[in-house]
Trainee: 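Sharing a structure below in structure tokens format, with a few things to ask.
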Amino acid sequence: MTFTNDKAIYLQMADRLCDEILAGTYKEDDRIPSVREYAVLLQVNTNTAVKAYDELARANIIYNKRGLGYFVSPGAKEQILTERRRDFMDNRLPELFRQMRLLGIGIEEVCKAWEQ
């Protein structure tokens with residue numbers, strides 16, 4: 001995974017795991033890779049992976065079964081979708097509209113590109 005400088009690595013890792021949940025790689029109550037496995041996979045320090053998993057556990061996206069590992073929480077996919085849609089509508093879409101206005105791009109042009 002290539003990390004960017006605009007967000008902490010542990011948050012990017014959490015986002016990636018959420019992407020995998022949304023894509024269906026992990027479903028409700030599926031076991032996800034251990035902290036160590038995920039750290040090795042993404043070539044990061046184990047402490048960074050721990051922070052990512054802690055973040056997801058605090059958000060109730062994953063839960064820990066003592067001695068067995070981490071699992072996807074029931075309703076996690078819907079929770080991720082709800083949060084990401086809200087973020088898109090509140091933060092990304094206004095900037096997109098601003099750029100469209102500046103560049104003189106109409107909604108018809110966007111719809112045409114969307115259909116292609």
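Model, not experiment: these values are computed from the prediction.
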Trainee: Shared ILVMFWY cluster between Leu81 and Ile62, side chains joined below 4.5 angstrom?
Mentor: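 Yes; Ile62 is reachable from Leu81 via cluster members.
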
Trainee: Indicate the ring-plane relationship of Phe71 and Tyr63, choosing parallel, tilted or perpendicular according to the 30° and 60° boundaries.
Mentor: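 The rings of Phe71 and Tyr63 lie parallel, inter-plane angle below 30°.
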
Trainee: Does this structure show an ion pair linking Arg16 with Glu20, if we count only N-O contacts that are shorter than 4.0 Å?
Mentor: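 Result for this pair is yes, salt bridge flagged.
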
Trainee: When clusters are formed by joining ILVMFWY residues with side-chain heavy atoms under 4.5 Å apart, either directly or through shared neighbours, do Ile105 and Leu93 land in the same one?
Mentor: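 The answer is yes; both residues are in one hydrophobic cluster.
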
Trainee: Determine whether Phe88 and Ile80 fall in the same hydrophobic cluster, where Ile, Leu, Val, Met, Phe, Trp and Tyr are linked whenever their side-chain heavy atoms lie under 4.5 Å apart.
Mentor: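 Hydrophobic grouping puts Phe88 apart from Ile80.
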
Trainee: Under a 4.0 Å N-O cut-off, is there an ion pair linking Glu115 with Lys112?
Mentor: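 Here Glu115 does not pair with Lys112 in a salt bridge, since their nearest N and O are not under 4.0 Å apart.
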
Trainee: Between the side chain of Glu28 and the main-chain N/O of Gly75, is any donor-acceptor distance below 3.5 Å?
Mentor: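 Checking the backbone N and O of Gly75 against the side chain of Glu28, a donor-acceptor pair under 3.5 Å is found.
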
Trainee: Supply the atom-to-atom distance Ile61 CD1 to Ile21 CD1, rounded to the nearest 0.5 angstrom.
Mentor: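 Interatomic distance, Ile61 CD1 to Ile21 CD1, rounded to 0.5 Å: 6.5 Å.
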
Trainee: Would you say CZ of Arg31 has more than 12 non-hydrogen atoms from neighbouring residues, nucleotides or ligands within 6.0 angstrom?
Mentor: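 Yes, because the 6.0 Å sphere around CZ of Arg31 holds more than 12 heavy atoms from other groups.
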
Trainee: Out of curiosity, Ser73 OG to Asp30 CG, how far, rounded to the nearest 0.5 Å?
Mentor: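 So the gap between those two atoms works out to 12.0 Å.
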
Trainee: Under the side chain to side chain contact (heavy atoms under 4.5 Å, CB included) criterion, do Leu56 and Tyr70 qualify, and how do the steps go?
Mentor: CA-CA 10 Å; Leu56 292 171; Tyr70 283 93; over 6 Å; no

Trainee: I need the minimum non-hydrogen distance between Met100 and Val110, along with the two atoms involved.
Mentor: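 Answer, listing the atom of Met100 first, then Val110: CE-CG2, 3.5 Å.
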
Trainee: Is it true that Asp19 and Arg84 have a side-chain N and a carboxylate O under 4.0 angstrom from each other?
Mentor: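 A salt bridge is present here (some side-chain N lies under 4.0 Å from a carboxylate O).
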
Trainee: Heavy-atom count check: over 12 atoms from other residues, nucleotides or ligands less than 6.0 Å from Gln99 CD?
Mentor: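 Atom CD in Gln99 is crowded, with more than 12 foreign heavy atoms closer than 6.0 Å.
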
Trainee: Could you measure the distance from the CZ atom of Arg101 to the CG atom of Leu96? Nearest 0.5 Å is fine.
Mentor: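 Taking CZ in Arg101 and CG in Leu96, the distance rounds to 10.0 Å.
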
Trainee: Restricting to non-hydrogen atoms, name the atom on Gln12 and the atom on Lys7 that form the minimum distance, rounded to 0.1 Å.
Mentor: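 What the structure gives for the nearest pair is NE2-O, 2.6 Å.
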
Trainee: Answer yes if Leu42 and Leu11 sit in the same cluster of Ile, Leu, Val, Met, Phe, Trp and Tyr residues linked by side chain heavy atoms under 4.5 Å apart, and no otherwise.
Mentor: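 No; tracing contacts between hydrophobic side chains, which count when under 4.5 Å, never links both residues.
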
Trainee: In plain terms, say whether Glu55 and Arg58 are close enough for a salt bridge, that is, a side-chain N and a carboxylate O under 4.0 Å apart.
Mentor: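 The answer is yes: the pair qualifies as a salt bridge.
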
Trainee: Is it the case that one hydrophobic cluster holds both Ile107 and Leu102, taking links as side-chain heavy atoms less than 4.5 Å apart, direct or via other members?
Mentor: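 In one cluster with Ile107: Leu102, no.
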
Trainee: So, Glu83 and Gln79: side-chain donor and acceptor under 3.5 Å apart, yes or no?
Mentor: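 Short answer, no.
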
Trainee: Give the C-alpha distance, both sets of side-chain angles, the deciding distance and a yes or no for side chain to side chain contact (heavy atoms under 4.5 Å, CB included) between Met13 and Tyr53.
Mentor: CA-CA 9 Å; Met13 290 177 67; Tyr53 277 49; 5.6 Å; no

Trainee: Any side-chain heavy atom of Tyr26 sitting closer than 4.5 Å to one from Leu17?
Mentor: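 The answer is yes, as the side chains (C-beta and beyond) meet within the 4.5 Å cut-off.
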
Trainee: Can you confirm whether Lys27 sits close enough to Val72 that some side-chain heavy atom of one is under 4.5 Å from a side-chain heavy atom of the other?
Mentor: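 No, their side chains stay 4.5 Å or more apart.
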
